[in-house]
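In this chain, residues are counted from 1 in sequence order.
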Amino acid sequence: MAGGDEYEIETTLCMIHTVHVFQIPPRSSSGGHRANDWTREVWDGKLKIVQKGSNATVYLLDKHNGNEFAQAPVVDGAVEKCVDSSRYFVLRCVNQKDKNQRAFIGLAFNERNDAFE
């Protein structure tokens, strides 16, 4: 490559057209989060997983205009299964302006097959 420029290929690994985001209560036990406790849906839209180089990121995007709602780098501990459902997960989102600021949100898929992607 000319002048030492390096390029990283960005690949969309997965696109799910409908997901739901919930405000989640604090974990009630050491057993894990329970989807049955989630009562407040705060958003719905698309989920896109993108790999760039050796890094992958989950993006939650507005289903009408594609604006970013949240993102979660895929690292250890970024995704946690709920103990009572195969379609519900806890996602650790990171503020890109302040990497120390994190939020845990509930993520639900309409279809079980989508959750396995």
Side-chain angles (χ1 to χ4, degrees):
M1 291 177 211
D5 291 336
E6 292 187 31
Y7 297 96
E8 287 186 310
I9 296 173
E10 185 173 290
T11 305
T12 298
L13 301 177
C14 179
M15 175 72 85
I16 307 294
H17 292 281
T18 304
V19 296
H20 307 274
V21 170
F22 291 84
Q23 179 179 349
I24 58 173
R27 191 183 316 193
S28 60
S29 72
S30 62
H33 289 278
R34 301 185 64 79
N36 195 41
D37 297 336
W38 303 354
T39 59
R40 185 165 179 241
E41 183 175 347
V42 296
W43 182 86
D44 69 4
K46 297 188 288 190
L47 176 142
K48 180 178 180 182
I49 303 174
V50 175
Q51 180 177 3
K52 187 172 184 180
S54 62
N55 299 314
T57 304
V58 175
Y59 293 95
L60 299 177
L61 307 171
D62 185 278
K63 59 185 165 189
H64 301 292
N65 60 23
N67 288 342
E68 183 179 306
F69 173 74
Q71 66 175 270
V74 178
V75 296
D76 285 340
V79 179
E80 181 182 338
K81 292 180 179 180
C82 283
V83 297
D84 61 341
S85 176
S86 61
R87 296 183 303 115
Y88 287 72
F89 299 84
V90 174
L91 186 65
R92 182 177 66 196
C93 297
V94 177
N95 182 338
Q96 291 307 295
K97 294 178 183 172
D98 179 358
K99 304 268 189 212
N100 292 321
Q101 190 177 34
R102 295 177 176 91
F104 292 88
I105 61 173
L107 181 66
F109 296 89
N110 286 344
E111 301 294 329
R112 200 167 81 167
N113 287 340
D114 289 342
F116 292 124
E117 292 286 326

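Side chain of Q96 to main chain of V94: a donor-acceptor pair is present (N/O by atom type, distance under 3.5 Å, no hydrogens or angles). Checking side-chain atoms of R87 against main-chain N and O of A108 turns up no donor-acceptor pair under 3.5 Å.
Y88 places a side-chain heavy atom less than 4.5 Å from the side chain of F22. Proximity of W38 to P25: side-chain heavy atoms (C-beta onward) are separated by under 4.5 Å at one or more points.
Nearest heavy-atom pair across A70 and C93 is CB-SG, 3.8 Å. Contact record, R92 with V75: NH2-CG2, 3.2 Å, taken as the closest heavy-atom pair.
Among residues two or more places apart in sequence or in another chain, the salt bridge (Lys or Arg N to Asp or Glu O under 4.0 Å) test is passed with D62 by none. Residues satisfying the salt bridge (Lys or Arg N to Asp or Glu O under 4.0 Å) test with R27, not counting sequence neighbours, are E80. Not a single side chain to side chain donor-acceptor pair (under 3.5 Å) links N36 to another residue, sequence neighbours left out. Not counting sequence neighbours, the partners of N110 by the side chain to side chain donor-acceptor pair (under 3.5 Å) test are H20.
Cluster membership for L91 and V21, using ILVMFWY side-chain heavy atoms within less than 4.5 angstrom, is shared. Residues F69 and V74 are members of one and the same hydrophobic cluster, defined by side-chain heavy-atom contacts under 4.5 angstrom among Ile, Leu, Val, Met, Phe, Trp and Tyr. The hydrophobic cluster containing L107 also contains I105, counting ILVMFWY residues as joined when their side-chain heavy atoms lie under 4.5 angstrom apart, directly or transitively. Residues V79 and I24 do not share a hydrophobic cluster, clusters being chains of Ile/Leu/Val/Met/Phe/Trp/Tyr side chains in contact below 4.5 Å.
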For residues 44-57, tabulate all N or O donor-acceptor pairs below 3.5 Å that involve a side-chain atom, not counting sequence neighbours.
from, atom 1, to, atom 2, distance (Å)
D44, OD1, K63, NZ, 3.3
D44, OD2, K63, NZ, 3.3
Q51, NE2, G53, O, 3.1

What side-chain donor-acceptor pairs closer than 3.5 Å can you find for residues 9-19, not counting sequence neighbours?
none

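Ring geometry, F89 versus F109: the interplanar angle exceeds 60°, so the pair is classed perpendicular (tilted spans 30 to 60°).
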